[in-house]
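Predicted model only: the values in this text are computed from it and were never measured.
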Amino acid sequence: MSAAVALTLPPDRRQSPTALHVQRGVRRLFAEMGCVTLPEFSLANGRRADVIALCGVGKLTIVEIKSSVADFRADRKWPDYRDFCDRFFFAIPDTVPESLIPEECGLIVADAFGAAILREPPDHALSPARRKAVTLRFAHSAAGLLHALADPGAIREGAL
């Protein structure tokens, strides 16, 4: 029998080390809750969610990561995510004041090892058509990542 090969995606260099640590903790939290996640998920409106989670009942959650006060103040696109999820959270490291996060949003505090939900967001259920569209996009993105892991040469050779 052949030895198992460890498959890893190349690091995404768009985020700061702090944001990557928060992302890892958030993804671990959702995995503990029985959800699957994708990072850097492209939405139909052209925005890119830092993390999207799909839970067993089909509930979609988007998490916007803010690694610093300056990061939060510079970015006001977060309302654009609400039309693509049932729940919306901000995730921050413990160095960002919780008071910055709008009350109408959920709040997660995270580091590289885990995360905790400090405030649940209100649910705003997606329409069935939007849920289907986002879920299909999620499935397509996840399958693309698996293909890239299994056959990285195909990506480089332009086969996909």
Side-chain angles (χ1 to χ4, degrees), residues 8-9 11-12 14-149:
T8 57
L9 290 170
D12 185 338
R14 292 176 284 196
Q15 293 83 23
S16 69
T18 300
L20 289 173
H21 289 161
V22 170
Q23 180 191 90
R24 182 178 180 210
V26 164
R27 294 185 76 192
R28 285 180 169 193
L29 171 69
F30 279 94
E32 289 170 5
M33 295 179 349
C35 304
V36 292
T37 60
L38 289 172
E40 301 302 321
F41 181 75
S42 295
L43 299 168
N45 66 355
R47 298 287 188 206
R48 191 179 68 243
D50 292 330
V51 176
I52 188 166
L54 176 63
C55 296
V57 295
K59 185 176 278 192
L60 291 155
T61 301
I62 290 179
V63 181
E64 176 70 359
I65 296 169
K66 293 298 163 204
S67 59
S68 67
V69 172
D71 182 21
F72 178 79
R73 289 190 174 142
D75 185 1
R76 294 294 175 194
K77 68 184 184 301
W78 63 268
D80 296 345
Y81 298 126
R82 284 201 164 158
D83 290 338
F84 297 91
C85 61
D86 297 294
R87 301 184 327 149
F88 177 81
F89 284 93
F90 278 103
I92 58 173
D94 63 4
T95 55
V96 173
E98 297 169 21
S99 60
L100 279 178
I101 305 306
E103 288 293 324
E104 68 268 21
C105 301
L107 176 59
I108 297 171
V109 173
D111 61 22
F113 303 102
I117 295 174
L118 299 188
R119 183 173 63 229
E120 290 284 345
D123 276 355
H124 53 281
L126 289 174
S127 71
R130 178 61 60 92
R131 181 177 314 286
K132 180 180 178 180
V134 176
T135 303
L136 286 173
R137 186 180 283 261
F138 187 101
H140 189 267
S141 295
L145 286 172
L146 283 174
H147 188 140
L149 285 171

Ignoring hydrogens and angles, write down the donor-acceptor pairs under 3.5 Å from the side chains of residues 98-116, residues two or more places apart or on other chains.
from   : atom 1 : to     : atom 2 : distance (Å)
Asp111 : OD1    : Phe113 : N      : 2.8
Asp111 : OD1    : Gly114 : N      : 3.1

Report task. Check side-chain hydrogen bond (donor to acceptor under 3.5 Å, both in side chains) between Arg47 and all other residues, then give those that pass, not counting sequence neighbours. Result ->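 Per chain and number, Arg47 pairs via side-chain hydrogen bond (donor to acceptor under 3.5 Å, both in side chains) with Asp80.
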Query raised in the report: Please walk me through it: do Arg24 and Leu20 pass side chain to side chain contact (heavy atoms under 4.5 Å, CB included)?
Result: CA-CA 6 Å; Arg24 182 178 180 210; Leu20 289 173; over 6 Å; no
Query raised in the report: How close do Ala142 and Leu38 get, heavy atom to heavy atom, and via which atoms?
Result: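 Here Ala142 and Leu38 meet closest at N-CD1, 3.9 Å.
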Query raised in the report: If you look at every heavy atom in Ile62 and Tyr81, which pair is closest and at what distance?
Result: CD1-O, 3.8 Å
Query raised in the report: Below 4.5 Å, heavy atoms only, C-beta onward: do Arg76 and Trp78 meet side chain to side chain?
Result: yes
Query raised in the report: Of the options Leu118, Asp50, Val51, Ile117, which is the one that meets Phe89 in a side-chain contact (heavy atoms from CB on, under 4.5 Å)?
Result: Ile117
**Report entry** side chain to side chain contact (heavy atoms under 4.5 Å, CB included) between Asn45 and Asp83, intermediate numbers included
**Finding:** CA-CA 9 Å; Asn45 66 355; Asp83 290 338; over 6 Å; no
Report task. Look only at the side chain of Asp86 and the backbone of Leu126, and say whether a donor-acceptor pair between them is shorter than 3.5 Å. Result -> yes
Query raised in the report: For residues Arg48 and Ser42, is any side-chain donor paired with an opposing acceptor at under 3.5 Å?
Result: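 Short answer, no.
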Query raised in the report: Under the criterion side-chain hydrogen bond (donor to acceptor under 3.5 Å, both in side chains), which of Gln23, His21, Glu40 is the partner of Gln15?
Result: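 It is Glu40; the other options fail the test.
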Query raised in the report: Roughly how far, to the nearest 0.5 Å, is SG of Cys35 from CG of Leu60?
Result: 10.0 Å
Requested in this report: Might you work through the side chain to side chain contact (heavy atoms under 4.5 Å, CB included) test for Phe30 and Val63, ending with a clear yes or no?
Outcome: CA-CA 11 Å; Phe30 279 94; Val63 181; 3.8 Å; yes
Report summary line: Contacts of Arg87 meeting salt bridge (charged side-chain N to carboxylate O under 4.0 Å, His left out) (sequence neighbours excluded), chain-then-number -> Glu120
Requested in this report: Name all residues meeting the salt bridge (charged side-chain N to carboxylate O under 4.0 Å, His left out) criterion together with Asp75; count only those two or more places apart in sequence or in a different chain, and write none if there are none.
Outcome: Lys66, Lys77
Query raised in the report: Can you name the residues that form a side chain to side chain contact (heavy atoms under 4.5 Å, CB included) with Pro93, not counting sequence neighbours?
Result: Thr18, Val22, Thr95, Val96
Query raised in the report: Mind checking what makes side chain to side chain contact (heavy atoms under 4.5 Å, CB included) contact with Ala31, not counting sequence neighbours?
Result: none
Report task. Could you give me the CA-CA distance, side-chain angles and deciding distance for Thr61 and Phe88, then say whether side chain to side chain contact (heavy atoms under 4.5 Å, CB included) is met? Result -> CA-CA 6 Å; Thr61 301; Phe88 177 81; over 6 Å; no
